[in-house]
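Beneath this line is the structure, given in structure tokens, with notes to follow.
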Amino acid sequence: MKLRIKFILAGVLGGILFNACSTKKDTFVNRNWHAMNTKYNVLYNGNIAFEEGREALNISYLDNYWEVLPVERLQVKDEIRLDSENNNPNFIIAEEKATKAIQKHSMDIKDEERNPQTDEAFLLLGKARYFDQRYIPAIEAFNYVLRKYIESDKLNEATIWREKTNIRLNNEELALKNLKRLLKFEQLKDQEYADAHAMMAQAYINLKAADTAIQELKIASAYTKKLPEKGRYYFIIGQLFNQLGYRDSANYAFGKIIELNRKSPRVYMINAHLHQIQNTELTEENKEELLEELVDLEENRENRPFLDKIYNQKAEYYMAIGSDSLGIVYYNKSLRATQNSPQLNALNYENLAEYNFDGNDYKIAGNYYDSVLANLPENTKKFRTIKKKLDNLEDVIKYEDVVQYADSVITLYNLPKIEQVTFFENHIAKLKLAEEEAALKKVNQANAGFAAFAETKGGKQNKGKFYFYNIASLGYGKNDFKTKWGDRILEDDWRWSNKNTTKLVEGARDPLVADGGLGAEAEISEEQKYSVEYYLDQIPTDIAVIDSLKLERNFANYQLGIIYKEKFKENLLAAGKLENVLKSEPEERLILPSMYNLYKIYEESGSPLAENMKQTIIQSYPDSRYAEILVNPKAVLAGSADSPDAKYAQLYKLYQNQDFLTVITGAEANINLYTGDPIVPKFEMLKANAIGRLQGYEDFKEALNYVALNYPNNPEGKKAQQMIAEQLPKLEPKEFSLEIDSKGTANWKVIFPFKRQNDEKALELKKILEKSIIDLNYRNLVSKDIYNLEMEFIVVHGFKSKDYAKGYVELLNKNKDYRIANENFVILSSNYKIIQVHKNLQEYKNQVLTPKP
């Protein structure tokens, strides 16, 4: 009896459960069955995955505290994504669970949803898509909730999320309109009220309305119950006040974060401390207090993850009070402590670059600027600014090296022999002292390390062991060997002195043999390194070499003066360089432009020397362009016939007309006339091309190399470098092709050579040939091509075969209307290009035109 009752009850319960699975029946059991499954099974797991994904984003996301923080922590990529490939797996799971809840548990009966949990499924679906940065599908999910579930308690939340998505899609005005309507007509919970105002603040930040954004964030920070959000809102308020220039108000906001202490993430508190210090004007009264605050931040163990920023601020403090050496130390400590912060790296490197540049240490400054670029995103204004400065600095480094090297050699050359010997003896003594100090430092470090190791558990275990098993003894032996013998390769005869080559010790160099000086980069043996005779042999003895160095030094000083004046606005440095030029017996071409640029510098600084320099130019060079400018500044206009641009245009027109010799001589004259002017590289490039057309490949290559080496950061110099890399290899081959008729697939030419002095006869033939082509219904073209200084060609282009070209020549010879019997030859187009590039016509005649015996 009891067994039958159990079976009956089981059947009844099974039937109830079976009927409850239906999503088409609107009964109490069905509604609650699906609601319970949705909430405690599918959505429960979906929400767990969503929160895990959100937490992972928060952990991986790095805020950029150098710019105004976004209200919401979310790593946004540039592209708008429409699919779910390569997305966060947690958000994919959350989306799958939300979709499953909708598909299996939605009870849409008579166009009305009977499962009260379905709206939450759609809301989770939209959130997962939002954090996967698929904003269009996310808006569809939020809009479905708002349109379908008008009685839902999630409508306000769905509206806020929809407007958050609109802001991501740059629809700030629409988001603000909808949020204002929400605040006006709906009753919101405190957290919803805070979220709505926070999103309005983000919209106003995007629209550059910082003052309005501040008011919205103040409301959000007052109503939010989440203390991390409160700290973030206060920090953004402080940043916006800083942006507006209200430092006191910003410090008040940062103070509110500091008051939160551990209730808010520590990163906000540390950055708030640092921003307060930055906003405080440094005075004698408060500098001790600020240093004490920085020291407290540095020594607090909890602040170790933020030492990079603390060190940076401490470096700024020391630089501000004039303790440059300590500032440099802390910039470097900040770089070593930096953890995945390219903005901070860039700032540290830029400060170090500026410091070294101001100290005229251009090589080090250039290296630091290189590091700045490595930490900046490309296609940004900051990147382009630093890149331009680095390009200019490369010219400075090059010319400073030239000046330093020339000064070193000339100074040594002018010393009496006894002083030269004394100088190098002192230099060698410094090398030995530096090496001894370096070796002693290594020994002390090694000994300290071994002593510390000996006190450890492992060190005590090794004590008393055989030498080769005792780590401390073995390490000491290795260090002693290196101190005595240096780095040696394991090979036969390793003890020979020539097996150990070394460079001069860094930091032991005297200025006269420093970078760019005697023996700066050459590897030398131990014997040479300590030999006075070796160094004496490096000093030139030929006066022509010294004169050449003086010319190079003067030109380099002139270029440095122009760069400092025009590109860096360092008039004091520029004046020093230009004055050095005038004191050093410069070439005539450098005197006048140096004087004129000095006049401009003196005039700008209000120096009485300006008038003296002006009168000197006018009296000593009355017919010069500079004198004309000084007497009547309006006389020389940019568009006049005497302007550099106009002269370049004239020469370029001559180049197009193949008057290459005039172009070369004219370019040289203008290069001397406009020395230091930005147009000079253009004249150099035009001259190089004219040389190539007139004198051939080797001279063209040499001229291009000159432009590339002397103007490496100028557009013309870069173009020359590109031509050397890409075009010259294509022009280099000089082997002639076999001139076998290829049945119409090749291109042939007929060449009529003339001496340059017979130009009138050449032009007369050109007219006859052009007439013949028209009369005989040919479609060829005729040109006059310059070959070299002595020869030019009249060329008929465009024959499809060799026989066709020969037939045309024979027709001209026999036709009574022309009777042209001038010397000529037929050539393949590729071979014609070779003889024009390499100027090897005679070689072509010997190889191809001369019949073989």
Expected output: side-chain [X] to main-chain [Y] donor-acceptor under 3.5 Å:
X      : Y      : value
Ser620 : Ile617 : no
Asp542 : Ala544 : yes
Ser408 : Gln404 : yes
Asn670 : Gly666 : yes
Asn824 : Asn822 : yes
Glu702 : Glu698 : no
Asn554 : Ser584 : yes
Ser594 : Val581 : no
Asn831 : Ser737 : yes
Lys802 : Ile827 : no

Ring geometry between [Y] and [X] (parallel below 30°, tilted from 30 to 60°, perpendicular above 60°):
X      : Y      : answer
Tyr564 : Phe568 : tilted
Tyr599 : Tyr596 : tilted
Phe799 : Tyr804 : perpendicular
Tyr844 : Phe825 : tilted

Filter on ring pair (Phe, Tyr, Trp, His ring centres under 6.0 Å), then keep only pairs touching residues 372-394, sequence neighbours left out; what's left?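 Residue pairs with at least one partner in residues 372-394: there are none.
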
Would you call [X] and [Y] a side-chain contact if the rule is heavy atoms closer than 4.5 Å?
X      : Y      : value
Phe357 : Ile364 : no
Tyr399 : Tyr558 : no
Phe660 : Gln695 : no
Val837 : Ile834 : no
Ile601 : Leu578 : yes
Phe736 : Ile835 : yes
Asp391 : Lys718 : yes
Glu350 : Lys382 : yes

Check whether the side chains of Lys389 and Tyr369 place a donor and an acceptor atom closer than 3.5 Å, and report yes or no.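 Checked: Lys389/Tyr369 side chains pair up, N/O donor to acceptor below 3.5 Å.
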
Check: Gln847/Glu843 side-chain N/O donor and acceptor closer than 3.5 Å: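 A donor-acceptor contact under 3.5 Å links the two side chains.
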
Residues [X] and [Y] bridged, charged N to O under 4.0 Å:
X      : Y      : result
Glu716 : Lys682 : no
Glu394 : Lys398 : no
Glu823 : Lys845 : yes
Lys814 : Glu810 : yes

Between [X] and [Y], which heavy-atom pair has the shortest distance, and what is it?
X      : Y      : answer
Tyr621 : Ala627 : O-CB, 3.0 Å
Ala667 : Lys687 : CB-CB, 3.7 Å
Ala346 : Leu376 : CB-CD2, 3.9 Å
Ala805 : Trp748 : CB-CB, 4.5 Å
Ala353 : Ala365 : O-CB, 3.5 Å
Ala762 : Glu792 : CB-OE2, 3.3 Å

Got a second to check how far [X]'s [atom1] is from [Y]'s [atom2], nearest 0.5 Å?
X      : Y      : atom1 : atom2 : value
Ile768 : Arg819 : CD1   : CZ    : 13.5 Å
Glu570 : Lys565 : CD    : NZ    : 13.5 Å
Leu694 : Tyr787 : CG    : OH    : 11.0 Å
Leu789 : Ile664 : CG    : CD1   : 7.5 Å
Gln650 : Lys653 : CD    : NZ    : 9.5 Å
Ile397 : Leu560 : CD1   : CG    : 11.0 Å

Are there over 12 heavy-atom neighbours, none belonging to [X], within less than 6.0 Å of that residue's [atom1]?
X      : atom1 : result
Gln656 : CD    : yes
Tyr413 : OH    : yes
Glu585 : CD    : no
Glu770 : CD    : yes
Lys839 : NZ    : yes

Starting from the C-alpha separation in whole Å, work towards a yes-or-no answer on side chain to side chain contact (heavy atoms under 4.5 Å, CB included) for Ile671 and Glu684. CA-CA 7 Å; Ile671 289 165; Glu684 291 281 10; 3.4 Å; yes

Filter on salt bridge (charged side-chain N to carboxylate O under 4.0 Å, His left out), then keep only pairs touching residues 543-559, sequence neighbours left out; what's left?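 Qualifying pairs, neighbours excluded: Asp407-Arg553.
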
May I have all residue pairs that pass side chain to side chain donor-acceptor pair (under 3.5 Å) and include part of residues 774-785, sequence neighbours excluded?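 Qualifying pairs, neighbours excluded: Asp759-Lys784, Lys771-Asp775, Asp775-Tyr818, Ser783-Asp785, Ser783-His797, Asp785-Tyr832.
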
Would you check, one step at a time, whether the test side chain to side chain contact (heavy atoms under 4.5 Å, CB included) holds for Leu841 with Met791? CA-CA 11 Å; Leu841 176 60; Met791 188 176 292; 3.8 Å; yes

Val545 vs Val409, test: side chain to side chain contact (heavy atoms under 4.5 Å, CB included). Steps then yes/no. CA-CA 10 Å; Val545 175; Val409 177; over 6 Å; no

Ring centroids only, cut at 6.0 angstrom: are Phe752 and Phe793 within range, meaning strictly under it?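 No: the rings miss the under 6.0 Å criterion.
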
Decide side chain to side chain contact (heavy atoms under 4.5 Å, CB included) for Val796 and Ile773; before the verdict, give the C-alpha distance in whole Å, the side-chain angles of both, and the deciding distance to 0.1 Å. CA-CA 10 Å; Val796 185; Ile773 285 171; 4.1 Å; yes

